[in-house]
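Structure record follows, encoded as structure tokens.
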Amino acid sequence: MSEITYVRGDATVPSVKGVKVIAHVCNDIGGWGKGFVLALSRRWPEPEAAYRAWHRGRAGNDFGLGAAQFIQVEPYVWVANLVGQRGIRTGSKGVPVRYEAIDTALGRLADKAVALGASVHMPRIGCGLAGGKWSRVEPLIAERLVRRGLAVTVYDHGD
């Protein structure tokens, strides 16, 4: 069984061969403008445009907690918009992260990655602006992705 590989670097530039899916967590209110999405938008306009259109059309599609959207940005690179946080602010209901939504979205990501024969690349999803704890997210990744034989690389930005 494979495991999660941790590296320092930029998750928008996976340095492996083959098909790659770059996964990240989005909110459920259509907001795109802080955190990892800025790095995505600097490289490709399509993930943000697709996410905003998906949110705008939510009355007639599957947009919502636990949903996943896949956008091909290069011949061998896809971006996975995973809806795993409620809103964008910490409030009376706690931090925005929703672990059960991340779990559901990771299941959808696993299906897509297996179908594509892809490896999966991500920052520590749900643990930045969403306020989640990696000790809660990592087991979900192990269960949903690693257990299905997918190679997963987690990127820590900076030196």
Side-chain angles (χ1 to χ4, degrees), residues 2-28 30-55 61-85 88 96-99 101-132 134 136-159:
S2 57
E3 55 191 44
I4 301 171
T5 302
Y6 292 88
V7 299
R8 285 227 169 271
D10 182 348
T12 68
V13 192
S15 61
V16 297
K17 299 245 184 275
V19 180
K20 300 164 269 296
V21 179
I22 300 168
H24 71 106
V25 164
C26 308
N27 61 65
D28 67 345
W32 181 291
K34 286 192 169 160
F36 183 70
V37 298
L38 295 177
L40 284 174
S41 291
R42 276 195 296 275
R43 286 197 52 118
W44 308 286
E46 299 91 349
E48 177 179 359
Y51 170 79
R52 292 189 184 281
W54 189 31
H55 177 261
N61 65 36
D62 67 343
F63 184 91
L65 287 171
Q69 180 188 49
F70 303 97
I71 305 94
Q72 190 167 12
V73 294
E74 290 180 13
Y76 295 98
V77 181
W78 293 71
V79 171
N81 291 335
L82 309 178
V83 184
Q85 69 180 76
I88 55 174
V97 71
R98 293 294 178 267
Y99 298 109
I102 289 175
D103 187 43
T104 300
L106 285 170
R108 294 186 166 104
L109 169 60
D111 292 342
K112 183 70 170 181
V114 166
L116 291 170
S119 56
V120 179
H121 305 265
M122 63 181 73
R124 291 185 187 239
I125 60 169
C127 297
L129 297 170
W134 188 245
R136 296 269 314 268
V137 176
E138 187 183 44
L140 303 177
I141 293 167
E143 177 64 26
R144 293 292 185 177
L145 303 176
V146 175
R147 215 186 84 201
R148 296 213 26 209
L150 292 163
V152 178
T153 304
V154 173
Y155 295 75
D156 287 314
H157 204 69
D159 305 326

For Leu145 and Met122, what are the C-alpha separation, side-chain angles and deciding distance, and is it a side-chain contact (heavy atoms from CB on, under 4.5 Å)?
CA-CA 12 Å; Leu145 303 176; Met122 63 181 73; 3.9 Å; yes
Give a yes or no on whether Tyr6 atom OH has more than 12 heavy-atom contacts from other residues, nucleotides or ligands under 6.0 Å away.
yes
Rounded to the nearest 0.5 Å, what's the gap from SG on Cys26 to CG on Leu129? Could you check?
11.5 Å
Closest heavy-atom contact between Leu38 and Gly33?
CD2-O, 3.3 Å
Taken in chain and number order and not counting sequence neighbours, the residues that satisfy salt bridge (charged side-chain N to carboxylate O under 4.0 Å, His left out) with Arg136 are none
Between Thr153 and Val120, is there a side-chain heavy-atom distance shorter than 4.5 Å?
no
Tightest non-hydrogen contact, residues Pro14 and Ala11, listed as CD-O, 3.7 Å
How long is the span from the CG atom in Leu140 to the OG1 atom in Thr104, to the nearest 0.5 Å?
9.5 Å
Are any side-chain N or O atoms of Gln69 and backbone N or O atoms of Trp54, one a donor and one an acceptor, separated by less than 3.5 Å?
no
Non-neighbouring partners of Asp10 that pass salt bridge (charged side-chain N to carboxylate O under 4.0 Å, His left out), sequence neighbours left out
none
Taking the side chain as everything from C-beta on, heavy atoms only, tell me whether Gln72 gets closer than 4.5 Å to Val77.
no
Would you sort out whether Arg144 and Leu109 count as a side-chain contact (heavy atoms from CB on, under 4.5 Å), showing the intermediate values?
CA-CA 9 Å; Arg144 293 292 185 177; Leu109 169 60; over 6 Å; no
Kindly indicate, with the supporting measurements, whether the criterion side-chain contact (heavy atoms from CB on, under 4.5 Å) is fulfilled by Leu150 and Val114.
CA-CA 7 Å; Leu150 292 163; Val114 166; 4.0 Å; yes
Taking the side chain as C-beta and beyond, is there a heavy-atom pair between Glu48 and Leu40 under 4.5 Å?
no
Does a side-chain heavy-atom distance below 4.5 Å link Trp134 with Cys127?
yes
Decide yes or no on salt bridge (charged side-chain N to carboxylate O under 4.0 Å, His left out) for Glu74 and Arg43, but give the supporting numbers first.
CA-CA 11 Å; Glu74 290 180 13; Arg43 286 197 52 118; 3.4 Å; yes
For residues Ala80 and Val21, report the shortest heavy-atom separation together with the two atoms involved.
CB-CG1, 3.8 Å
Among side-chain atoms of Ser41 and Trp32, is any donor-acceptor pair under 3.5 angstrom?
yes
List the atom of Ile71, the atom of Ala50, and the distance in Å for their closest heavy-atom pair.
CG1-CB, 3.6 Å
Smallest heavy-atom separation, Ala110 atom then Arg148 atom, equals CB-NH1, 3.6 Å
How many angstroms lie between atom NE2 of His157 and atom CZ of Arg8, to the nearest 0.5 angstrom?
10.0 Å
Worked verdict on Tyr51 versus Glu46 for side-chain contact (heavy atoms from CB on, under 4.5 Å)
CA-CA 8 Å; Tyr51 170 79; Glu46 299 91 349; over 6 Å; no
NE2-CG distance between His24 and Leu82, expressed to the nearest 0.5 angstrom
7.0 Å
Val154 side chain reached by Thr5 side chain, heavy atoms, under 4.5 Å:
no
What pairs with Arg108 under salt bridge (charged side-chain N to carboxylate O under 4.0 Å, His left out), at least two apart in sequence or on another chain?
none
Side chains of Phe36 and Thr12: closer than 4.5 Å at any heavy-atom pair?
yes
Sub-6.0 Å ring centroid separation between Trp78 and Phe70:
no
Hey, are Arg98 and Asp28 close enough for a salt bridge, meaning a charged N less than 4.0 Å from a carboxylate O?
no
Does any part of the side chain of Ile22, heavy atoms only, come nearer than 4.5 Å to the side chain of Trp44, both counted from C-beta?
yes
Tell me, do Pro96 and Ile88 make a side-chain contact under 4.5 Å, heavy atoms counted?
no
Here the pair of heavy atoms bringing Leu65 nearest to Gly84 is CD2-C, 4.2 Å
